[in-house]
Amino acid sequence: MNIVPGAANVIEFTYLIATALFILSLKWMSSPVTARRGVRAGEVGMVLAIAGTLLSHDIVDYKWVAMALVLGSIIGVPLGMVHMTAVPQRTALSHAFGALCVTMVGTAEFYLRAPAVPRFMMAVLSLEVILGALTFTGSLMAAGKLQEVLPQRPITYKGQNIVNLSLLAVAVAVAVALVLHPEKMSLFPVIVGIPLVFGVLMIVPIGGADMPTVISLLNSYAGLSAAAMGFVLDSKLLIIAGALDGASGFILSVNMSKAMNRSFSNVLFGAFGQEQIIDASQAEARPVHSATAEEAAAILAAANKVVIVPGYGMAVAQAQHKVRELYDSLTKRGIDIKFGIHPVAGRMPGHMNVLLAEADIPYDKLLDMEVINGEFPQTDVALVIGANDVTNPAARNETGSPIYGMPILDVDKARTVMVIKRSMSPGFAGIDNPLYYLDRTLMLFGDAKAFVGDIVRELAGPHQ
Amino acid sequence: MIKLDLLTSLYVFMLAAFIGFEFIRRITPLLHTPLMSLTNALDAIAVVGAILLAGEHKNAFTTVLGVIAIVAATSNVVGGFLITDRMLRMFKASGTKKS
């Protein structure tokens, strides 16, 4: 065997540098100015760590490793080049891949070490494969729902949570049995198999609008399972990377659940199965004011300050580039125009920001809910594009409403509210939006992309 | 000896989690999507464990699992960094617009 002197030290040293670079990478992500440097740091750290590992004496066969690295890269490139609207499902898919890797390695490590596995080792190994396996199938399901290969609407049945939690309890009980008696190797497939089923069942009751929370939660699970793998392999680098990823997913889940006024335990147990009470009867009768693109353009042209509130409807209609044209047209007239972004707008944290940035809207015009809410009373026109529940004033003043207490964008405080919407159908929560019946609200019925395009044309009209 | 190693690992995990919480709390919601794809790519450092597993070639079963793990993790490394950078390239401040 070809022995490189001091290779073990070299490897450990590359891991140390990689760890430092990973931490710096996250630090630099805090601002859009330094964020790309953060990506570079992460890349360098990754290449160093992989190169260092390849030096290891333990590797006796490079053929399969090289083939797998090449194949993974071939799969990775198209996954890195997907269209921006497909980012949520791509992210879910990457959580699935990360979890798959962890589950595979965990399973292999068990069979390499069994039957003599120390208790603590068996405990983290169990945690690794349970979290890994449920994240794998759960993320695949989430990706399927986001890609609309699977139905987006939640599928619920009576006793669902009891069934799911009992399944998980069985898996945990078997894991405990394995910790006490690691020689009972035939039990191991159970702690991989049950979580695989649990992952599917966990996502079945979840609807599209809950995806930001679910993706964050799966992100956290993926990170924690990787950290557990780090304990098993005694790799500090992996423990740190997993802990950082787990912490990130955790913080995002908490943010998302706060933004939907859900308790955190509700999120942790994946109990998103909401009863959907749709009382459309009372919604039908009330009159609304509607307006044409021409009227909307005239009102916008007369405004000094406009706030646009985008939602998932904008993403579905692919309206972000038309919105950019509207932004340009209004900016040219000297109108102050900003965007108010609700934390759960879209299908993953930050979804709207990415779509609007793709359409070349400067990021300093994209404001968080807390910041923009102070500005609505001085706003002439609030233009809501494809958002519904996040603008529903019932969340603020109707104690009986299912979304009561959820923080919303206070668009109803603007002088005029315009809402682009296909029809009067209720949003995800299945509840009516009193915003639409206000005297100051104008409903602009139509497809978001087409309607914004019409407004832009009307604004350009008089100059021709 | 082994117990001491595990304890050290727990310390490392705890400290990393604290650092993670402190740094990530400061990240603007503007960048939450690229943050998620970046941490996902960093998390794919698990590929290191998979490389050792496949490379050690202890038996056919574990080698196959290792190869699947390398493919899955490598696709996250390549895809994750690629899309994070593509997203971040799009974020521009006012006045730095091109064309």
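Side-chain atoms are counted along with the backbone in the values below, which use heavy atoms only and exclude waters and symmetry mates. Here the structure is a predicted model, which means the values were calculated and not measured. In the text below, chain A, chain B and the rest are named by the order of the sequence lines, each starting its count at 1.
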_Could you tell me if the side chain of A:N353 sits less than 4.5 Å from the side chain of B:T33, heavy atoms only?_
no
*Of the listed residues (B:A73, B:A54, B:A46, B:A17), which shares the most heavy-atom pairs with chain A below a 4.5 Å separation?*
B:A46
*asked:* Under a 3.5 Å distance rule, please check whether A:D364 uses its side chain to pair with a backbone N or O of B:S94 as donor and acceptor.
replied: yes
*Test item: B:L35 and A:S248 side chains (from C-beta on) under 4.5 Å apart, heavy atoms*: yes
*Tell me, for A:S31 versus chain B, whether the close heavy atoms (under 4.5 Å) come from the side chain, the backbone, both or neither.*
backbone
*Considering only heavy atoms, which portion of A:M229 lies under 4.5 Å from any heavy atom of chain B: side chain, backbone, both, or neither?*
side chain
*Taking atom NE2 of A:H95 and atom OG of B:S37, what is their separation to the nearest 0.5 Å?*
9.0 Å
*asked:* Looking only at heavy atoms and a cut-off of under 4.5 Å, which of A:M352, A:K27, A:M67, A:R90 has the most pairs with chain B?
replied: A:R90
*Looking only at heavy atoms, what is the nearest atom pair of A:V105 and B:L53, with distance?*
CA-CD2, 4.0 Å
*Would you confirm whether B:T62, through its side chain, and A:A108, through its main-chain N or O, come within 3.5 Å as a donor-acceptor pair?*
no
_Spatial distance of atom CD (A:E43) from atom CG (B:L82) [nearest 0.5 Å]_ = 8.5 Å
*Answer yes or no: is there a side-chain heavy-atom contact under 4.5 Å between B:P34 and A:M29?*
yes
*Is chain B contacted by the side chain of A:A227, its backbone, both, or neither, given a heavy-atom distance below 4.5 Å?*
side chain
*How close do B:L10 and A:F231 get, heavy atom to heavy atom, and via which atoms?*
N-CE2, 3.6 Å
*Part of A:K63 lying under 4.5 Å from any heavy atom of chain B*: neither
*Please look at B:L30 and chain A and tell me whether the side chain, the backbone, both or neither of the residue comes under 4.5 angstrom of a heavy atom of that chain.*
both
*Could you tell me whether A:Y62 atom OH has more than 12 heavy atoms of other residues or ligands within 6.0 Å of it?*
yes
*Which atoms form the tightest heavy-atom contact between A:S30 and B:I27, and what is the distance?*
CA-CG1, 3.7 Å
*What part of A:M81 lies closer than 4.5 angstrom to a heavy atom of chain B: side chain, backbone, both or neither?*
both
*Could you look at A:L252 and say if it's the side chain, the backbone, both or neither that has a heavy atom under 4.5 Å from chain B?*
side chain
*Checking side chain to side chain contact (heavy atoms under 4.5 Å, CB included) for the pair A:L224/B:F13: CA distance, chi angles, key distance, verdict?*
CA-CA 10 Å; A:L224 289 177; B:F13 177 77; 4.0 Å; yes
*Flag side-chain contact, heavy atom, 4.5 Å: B:I45 against A:F22*: yes
*For A:V82, is it the side chain, the backbone, both, or neither that has a heavy atom closer than 4.5 Å to a heavy atom of chain B?*
both
_Residue A:S235 versus chain B: region with a heavy atom under 4.5 Å_ = neither
_Leading residue by heavy atom contact count with chain A [cutoff under 4.5 Å; candidates B:T84, B:L15, B:N59, B:I70]_ = B:I70
*Of the backbone (N, CA, C, O) and the side chain (C-beta and beyond), which part of A:L233 lies under 4.5 Å from a heavy atom of chain B, both, or neither?*
side chain
_Please give me the minimum heavy-atom distance between B:G20 and A:I251, naming the atom from each residue._
O-CD1, 4.4 Å
*Could you tell me which of B:D43, B:I68, B:I19, B:I51 has the largest number of non-hydrogen atom pairs under 4.5 Å with chain A?*
B:D43
*Counting only heavy atoms not in A:K236, do more than 12 fall under 6.0 Å of its NZ?*
yes
_I'd like to verify something: which residue of A:G223, A:A247, A:S25, A:G246 has the highest number of heavy-atom pairs under 4.5 Å with chain B?_
A:A247
*Do the non-hydrogen side-chain atoms of B:M87 and A:E358 ever get within less than 4.5 Å of each other?*
no
_Heavy-atom cut-off 4.5 Å, strictly under: side chain, backbone, both or neither for A:V354 against chain B?_
both
*Among A:I75, A:V65, A:L244, residue most engaged with chain B (heavy-atom pairs, under 4.5 Å)*: A:V65
*asked:* What part of A:N219 gets within 4.5 angstrom of chain B, counting heavy atoms only: side chain, backbone, both, or neither?
replied: side chain
*More than 12 heavy atoms of other residues, nucleotides or ligands under 6.0 Å from NZ of A:K365: is that the case?*
yes
*Test item: B:E56 and A:S56 side chains (from C-beta on) under 4.5 Å apart, heavy atoms*: no
*Counting heavy-atom pairs under 4.5 Å to chain A, which of B:M14, B:H57, B:K58, B:R86 comes out on top?*
B:R86
*For each of B:N76, B:V47, B:V67, tally heavy-atom pairs with chain A at distances under 4.5 Å, and name the one with the top tally.*
B:N76
*Give, for atom CG of B:L65 and atom CD of A:E109, the distance between the pair rounded to the nearest 0.5 Å.*
10.5 Å
_So for A:I23, is it side chain, backbone, both, or neither that comes closer than 4.5 Å to the heavy atoms of chain B?_
both
*For each of A:L79, A:I240, A:T53, tally heavy-atom pairs with chain B at distances under 4.5 Å, and name the one with the top tally.*
A:T53
*Measure distances from B:L42 to the heavy atoms of chain A and classify the residue's part below 4.5 Å as side chain, backbone, both or neither.*
both
*asked:* So which residue, B:A50, B:A72, B:A16, B:A41, ends up with the most heavy-atom pairs under 4.5 Å with chain A?
replied: B:A72
*To the nearest 0.5 Å, how far apart are CZ in B:F91 and CZ in A:R36?*
12.5 Å
*Can you see which heavy atom on A:D245 is nearest to which on B:N40, and at what distance?*
OD1-N, 4.0 Å
_Rounded at 0.5 Å granularity, tell me how far CH2 in A:W28 sits from CG in B:L38._
12.0 Å
_If you count heavy-atom pairs within less than 4.5 Å of chain B, which of A:D61, A:L54, A:I341 leads?_
A:D61
*A:P343 side chain near B:H32 side chain, heavy-atom distance below 4.5 Å*: no
*Mind checking whether B:F61 and A:Y111 have parallel, tilted or perpendicular rings, split at 30° and 60°?*
perpendicular
*Could you pull out the closest heavy-atom pair between B:L31 and A:P32, with the gap in Å?*
CD1-N, 3.7 Å
*asked:* As an exercise, state the distance from CD1 of A:I74 to OG of B:S75, rounded to the nearest 0.5 Å.
replied: 11.5 Å
*Side chain to side chain, A:Y363 and B:T28, heavy atoms closer than 4.5 Å*: no
*Among the listed options A:T91, A:L26, A:T19, the residue most often paired with chain B at heavy-atom distances under 4.5 Å*: A:L26
*Between A:T103 and chain B, which part of the residue has a heavy atom less than 4.5 Å away: side chain, backbone, both or neither?*
neither
_A:D58, part contacting chain B, at a heavy-atom distance under 4.5 Å_ = both
